[in-house]
Amino acid sequence: MAATAIRTVEARPTADSLVKPGELVDLVEVTPLTLNDRRIYNLLLENAWDAIDKPVTHVIAKAALRGSHNSNDRVGDSLERLMSAIVKVAVVWDGEPAIERVQLLGGNLESGRADGLLEYEIPARLRKIIRNSQVFARLQREVMFALSSKYALTLYEMVQKRGNLRWKASERFALDGFRGIIGVPKGKLSSWSNLKLRAIDPAVAEVNALSDFMVEVVPLKTGRAVTHVELRWWRKDGDASGAADRALQFSKVGRRTKAEGRTEQVEPAAAPGGQGAAPLRGRPAWLDSRGPALLTETYETARLRHPGYDIYFVEGEWRAWSRGKDAPNDPDRAFLAFFRRYAEGNPL
């Protein structure tokens, strides 16, 4: 007797990961979205997950969508792009392949308060697609926020959707279809060389550095022209997985340098007023009694991810919270995870 397929809505998010229906991974954007749009949409799906296929209104704190920046402007811009976005989803209709065009986000109500709430709805046609879904991607939150381009995030989602298929380790796409799935706007990166250089190669480098899988995008020619690509993936061994964990500790600039195999010195990012970024100040002596110092890269990563926060004060909060608990296997990762939750709960 054949095993019953697991419905996507029965999969549960965890503290470190969220679930995304496969149909919302391999979609083609008619209206291009940004990296921030995609991240916010994933968070809206996660927040609504317990009733994702029900005709109800969902509520989320705006602070949960802002990330490390302090303004609600980017959240509002993303919501408006998501409301106007039309996507094409491959579905089956009466046993035949079909294309369904749906909106990603329905009506919503946003509080005028910086620390207010957002009410939103999932459109009816999209709820039906999600209700019938049987394939999903499990996305690690830390990786989703570490990736630095929408192409890298989309490629990561594509691999996470396919990575656990025991019977499959590659998939062929028409080049135009692949361009659409990773979100290349029409008229942009029209030649294979530009697409490879500007979108595919950087995305592959980041996914290989930060995720649990290795991935290749191989060009396939018809005559002299590239007309298709083959996406190949395989799970990393233990050493490579450990390297991915360590890569997540680096700042965004450091991660991209490491992923691309470059070793040149990276100039510090400019601070307001045109000055270089302020050097990381020394760890205060009062923390010495709370526990040993973390890696320098960990403090730098915390500062870049959460500008405006006193990283050493938050370390003190983490040390106090950790008192009496089992020591973490990786204190640096544990601190960064605590910092993310602290920033979400205590927005500046």
Side-chain angles (χ1 to χ4, degrees), residues 14-17 39 63-64 66-70 139-148 152 156 206-212 236 238-271 275-348:
T14 69
D16 298 320
S17 68
R39 286 175 175 161
R66 282 202 303 263
S68 60
H69 60 88
N70 300 327
L139 309 179
Q140 298 298 316
R141 294 173 59 94
E142 191 78 4
V143 176
M144 182 178 78
F145 283 106
L147 296 168
S148 65
Y156 170 65
E206 280 203 271
V207 172
N208 284 347
L210 300 174
S211 79
D212 293 332
K236 292 177 178 177
D239 291 341
S241 294
D245 289 341
R246 290 190 295 275
L248 285 169
Q249 302 290 334
F250 288 86
S251 70
K252 182 179 293 185
V253 173
R255 284 196 304 268
R256 293 188 68 178
T257 300
K258 190 175 183 70
E260 294 166 9
R262 296 183 283 114
T263 57
E264 69 265 23
Q265 192 70 27
V266 177
E267 293 297 322
Q275 302 300 313
L280 192 66
R281 63 182 175 86
R283 185 173 186 255
W286 61 266
L287 272 175
D288 292 342
S289 62
R290 308 286 181 91
L294 301 169
L295 295 174
T296 301
E297 293 92 341
T298 301
Y299 293 120
E300 184 65 25
T301 298
R303 185 183 71 156
L304 291 172
R305 287 184 185 173
H306 307 289
Y309 287 87
D310 184 330
I311 60 174
Y312 299 120
F313 172 80
V314 178
E315 182 188 356
E317 295 293 291
W318 172 61
R319 299 285 185 186
W321 174 83
S322 301
R323 193 176 298 121
K325 297 181 173 64
D326 292 339
N329 293 329
D330 189 333
D332 297 270
R333 290 195 70 182
F335 169 64
L336 290 174
F338 175 88
F339 207 138
R340 173 174 55 78
R341 294 192 298 270
Y342 182 89
E344 289 173 353
N346 299 274
L348 295 176

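Side chains are part of it too, since the values below use all heavy atoms of this structure and drop only hydrogens, waters and symmetry mates.
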Classify the ring geometry of F338 against W321: parallel below 30°, tilted from 30° to 60°, perpendicular beyond 60°.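 Judged by the thresholds at 30° and 60°, the geometry between F338 and W321 is tilted.
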Apply the test side chain to side chain contact (heavy atoms under 4.5 Å, CB included) to residues F145 and R305: give CA-CA distance (whole Å), side-chain angles for both, the deciding distance (0.1 Å), then the verdict. CA-CA 9 Å; F145 283 106; R305 287 184 185 173; over 6 Å; no
Pairing residues for R290 by the side-chain contact (heavy atoms from CB on, under 4.5 Å) criterion, not counting sequence neighbours: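 With sequence neighbours excluded, R290 shows a side-chain contact (heavy atoms from CB on, under 4.5 Å) to W286, L287, R319, R323, given in chain and number order.
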Rounded to the nearest 0.5 Å, what's the gap from CD on E317 to OG on S322? Could you check? 11.0 Å
Can you find a heavy atom in the side chain of [X] that is under 4.5 Å from one in the side chain of [Y]?
| X | Y | result |
| --- | --- | --- |
| D288 | R283 | yes |
| E206 | L147 | yes |
| D16 | Q140 | yes |

Closest non-hydrogen atom pair between V207 and A152, with its separation: CG2-O, 3.6 Å
For A146 and L210, work out which heavy atoms get closest and say how close. CB-CD1, 4.0 Å
Do W318 and F339 have their ring centres less than 6.0 Å from each other? no
Residue list, side-chain hydrogen bond (donor to acceptor under 3.5 Å, both in side chains) with T14, at least two apart or on another chain: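 In terms of side-chain hydrogen bond (donor to acceptor under 3.5 Å, both in side chains), with neighbours along the sequence ignored, T14 is linked to S17.
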Got a salt bridge between R141 and E344, using NZ or NE/NH1/NH2 to carboxylate O under 4.0 Å?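 Salt bridge present between R141 and E344.
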Given 3.5 Å as the limit, does a donor-acceptor pair link the side chain of D332 with the main chain of L295, or not?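 Pair found, side chain donor or acceptor close to backbone of L295.
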Give a yes or no answer on whether the side chain of Y299 reaches the backbone of L294 with a donor-acceptor pair at less than 3.5 Å.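 Present.
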